[in-house]
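Working notes for the structure below.
Naming convention: chains lettered A, B, ... in sequence-line order (proteins, then strands); numbering from 1 in each chain. The analysis underlying the following values was restricted to heavy atoms, covering all of them including side chains, and did not include hydrogens, waters or symmetry mates.
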There are 2 protein chains.
Amino acid sequence: MNTFDPTIRSQRTLVPVDVSTVQDRVYQSLRLGLLKGEFLPGEQVSIRALAEVFGTSPMPVREAVARLIAERAIEQSGPRTLRVAPYLASDHENYIRVRMQLEGYAAERAASAPKNPALTDALRRHNDSIQEALEVRDFDAALAGNQAFHFELYRAGGYPQLLDIISTLWLRTGPIVASARKDEGLFYRIFNNGVQIHSNAIEAISQRDRAAARHAINLDIRSSHLSIRRFYQRASAESGH
Amino acid sequence: MNTFDPTIRSQRTLVPVDVSTVQDRVYQSLRLGLLKGEFLPGEQVSIRALAEVFGTSPMPVREAVARLIAERAIEQSGPRTLRVAPYLASDHENYIRVRMQLEGYAAERAASAPKNPALTDALRRHNDSIQEALEVRDFDAALAGNQAFHFELYRAGGYPQLLDIISTLWLRTGPIVASARKDEGLFYRIFNNGVQIHSNAIEAISQRDRAAARHAINLDIRSSHLSIRRFYQRASAESGH
DNA sequence: CCTTGAGATATGTGATCACACATCTCACAG
DNA sequence: CTGTGAGATGTGTGATCACATATCTCAAGG
């Protein structure tokens, strides 16, 4: 019997093999870790240590880190030292301004597209998941839900290139937002407030109101930014005495 | 005599040594080459070949290329092949839209800043250099002058983070714009038109007219984009028969 | 108890080697 | 003249080693 007989090919369960490289998988893993807040702003990272965690040689990690350096998610803080981008008040404020421009624009685009019930349903689902996560104090899930909501929205309105740029901005501000988990009350208020604002955004999109959509997203970004800035001001004041 | 006597320190001519790494210099060199149009869109690149040109081992080039891949200036077109990002009509159109958002915003910011004669002088100087370069058909110089004009403007209005993002967008569209040199007539018209628009932008900034500044920059971006799109349409039509 | 300095440790950087594999070259058979 | 296939060449990828040096440890001296 010829096992390669094409007439029985439908019986096969062969699936495309994974051709991705090790460095790609390391890169994606680090990226996700940064977005999930598994790294603190300013935290020092070591190529060899990461390689051990991933069970690879340092080589693929070096390449992945080189990419993250280009995206300003990791920076060289000294001659031979790497760290996650730290929180710097003025820098972060600037990133927030750029995010408002780009994400507001993406929201506008999503709102001006033809009505899409599947989109608004998905957005509502993501928003509900944030709410539910907050109630059981599952902050990881709340963070993930928030990210899913925003990216669903931007994917709808934006072209891939816009989404791509926004995602690198999230990569830079991700560890900073995630670090607010250290103050559970603050974190709860930020995202509880966000849920309300997201509802407004969904409403604006379902009504194809571009200005309202942009306004809602910008409010979401700015208000969480202000809370986080206060958080860091208080943190630095406490460590100052 | 104590050579470290601080009272004679002013006699020293010591200067900070260059602590940059090889991979940094390779990265900057490749970046500049891409912006100057020394690579064609879609052109295949080889790590080993570049290493030979730079006179280094392949190692630093690998890291530099990894960064450029993260910036989408270089892409992996196959299992073991790298190339400069090629021209794709729809992708390029999307980048142009994002550029209009960001660079228009930066122009607005520059126009709303306090009057700055040094800035308008510098802009005028850059614009004149484009004009002069066009007259002697020095297209490299025209390209450099155009880049200097835009970046001077964005540096004035934008914060470093905004400039940074814009520069990565130029990195992606750079080889495409530069490739228009192959049609000298087209290239001349694009930049001659640009000089006029730049004058309008300078006027808008000196009058602190935000809307006019944004409009001028957006017109500059869009009109050169349309010309380049026609150029590629014609090129693909010619190669098609 | 505090300061200092030498040794140990850990770091990124660069070079070199091994490997799997895609592509190209070119002689040979049809 | 055309198509084919084997060998040669070149590719990115990953691992390993060597090196200079920043940082940390901890004991000796003040």
(request) Sequence neighbours left out, what pairs pass side chain to side chain donor-acceptor pair (under 3.5 Å) with at least one residue falling in residues 44-63 of chain B? (result) R62(A)-E63(B), E63(A)-R62(B)
(message) Please list, in numerical order, the residues of residues 53-65 of chain A that have a heavy atom closer than 4.0 Å to any atom of DNA chain C.
(response) R62(A)
(request) Return the 5'-most residue of the pair Q44(B), Q23(A) with respect to DNA chain D, ranking by each residue's nearest nucleotide. (result) Q44(B)
(message) Below 4.0 Å from chain A heavy atoms, what is the first contacting nucleotide of DNA chain D and what is the last?
(response) dT13(D) to dA22(D)
(message) Categorize V26(B) for me: base, sugar-phosphate, or nothing, with a 4.0 angstrom heavy-atom threshold over every strand shown.
(response) nothing
(message) With heavy-atom distances below 4.5 Å as the criterion, would you say the side chains of E43(A) and P175(A) are in contact?
(response) no
(message) Could you go through L68(B) and L171(B), starting from their C-alpha distance and side-chain angles, then the distance that decides it, and tell me whether this counts as side-chain contact (heavy atoms from CB on, under 4.5 Å)?
(response) CA-CA 9 Å; L68(B) 292 170; L171(B) 204 56; 3.8 Å; yes
Residues in side chain to side chain donor-acceptor pair (under 3.5 Å) contact with [X], at least two apart in sequence or another chain:
{"X": "R137(B)", "answer": "none"}
{"X": "D183(A)", "answer": "R234(A)"}
{"X": "R80(B)", "answer": "none"}
{"X": "Y188(B)", "answer": "none"}

(request) Please list all pairs passing the salt bridge (Lys or Arg N to Asp or Glu O under 4.0 Å) test where one or both residues lie in residues 84-106 of chain B, with sequence neighbours left out. (result) E93(B)-R229(B), R99(B)-E103(B)
(request) Output every pair passing salt bridge (Lys or Arg N to Asp or Glu O under 4.0 Å) with a member in residues 153-167 of chain B, not counting sequence neighbours, ordered by first then second residue. (result) R72(A)-D164(B), R172(A)-D164(B)
(message) Classify the ring geometry of Y154(B) against W170(B): parallel below 30°, tilted from 30° to 60°, perpendicular beyond 60°.
(response) perpendicular
(message) Please encode protein proximity along nucleotides 18-25 of chain C as a string of B, S and -, counting only heavy-atom distances under 4.0 Å.
(response) B-BS----
(message) Quiz question: by atom type and distance under 3.5 Å, do the side chains of Y232(A) and S179(A) form a donor-acceptor pair?
(response) yes
(request) Enumerate the residue pairs fulfilling ring pair (Phe, Tyr, Trp, His ring centres under 6.0 Å) with a member in residues 23-57 of chain A, sequence neighbours excluded, ordered by first and then second residue. (result) none
Nearest-Å distance, [atom1] ([X]) to [atom2] ([N])?
{"X": "E52(A)", "N": "dA10(C)", "atom1": "CD", "atom2": "P", "answer": "11 Å"}
{"X": "E43(A)", "N": "dT11(C)", "atom1": "CD", "atom2": "P", "answer": "13 Å"}
{"X": "I74(A)", "N": "dG12(C)", "atom1": "CD1", "atom2": "P", "answer": "10 Å"}

(message) Roughly what angle, to 10°, lies between the helix axis at the start of the helix from dC1(C)-dG30(D) to dG30(C)-dC1(D) and the one at its end, five pairs per end?
(response) 0°
(message) Can you tell whether the side chains of R31(B) and D24(B) come within less than 4.0 Å, N to carboxylate O?
(response) no
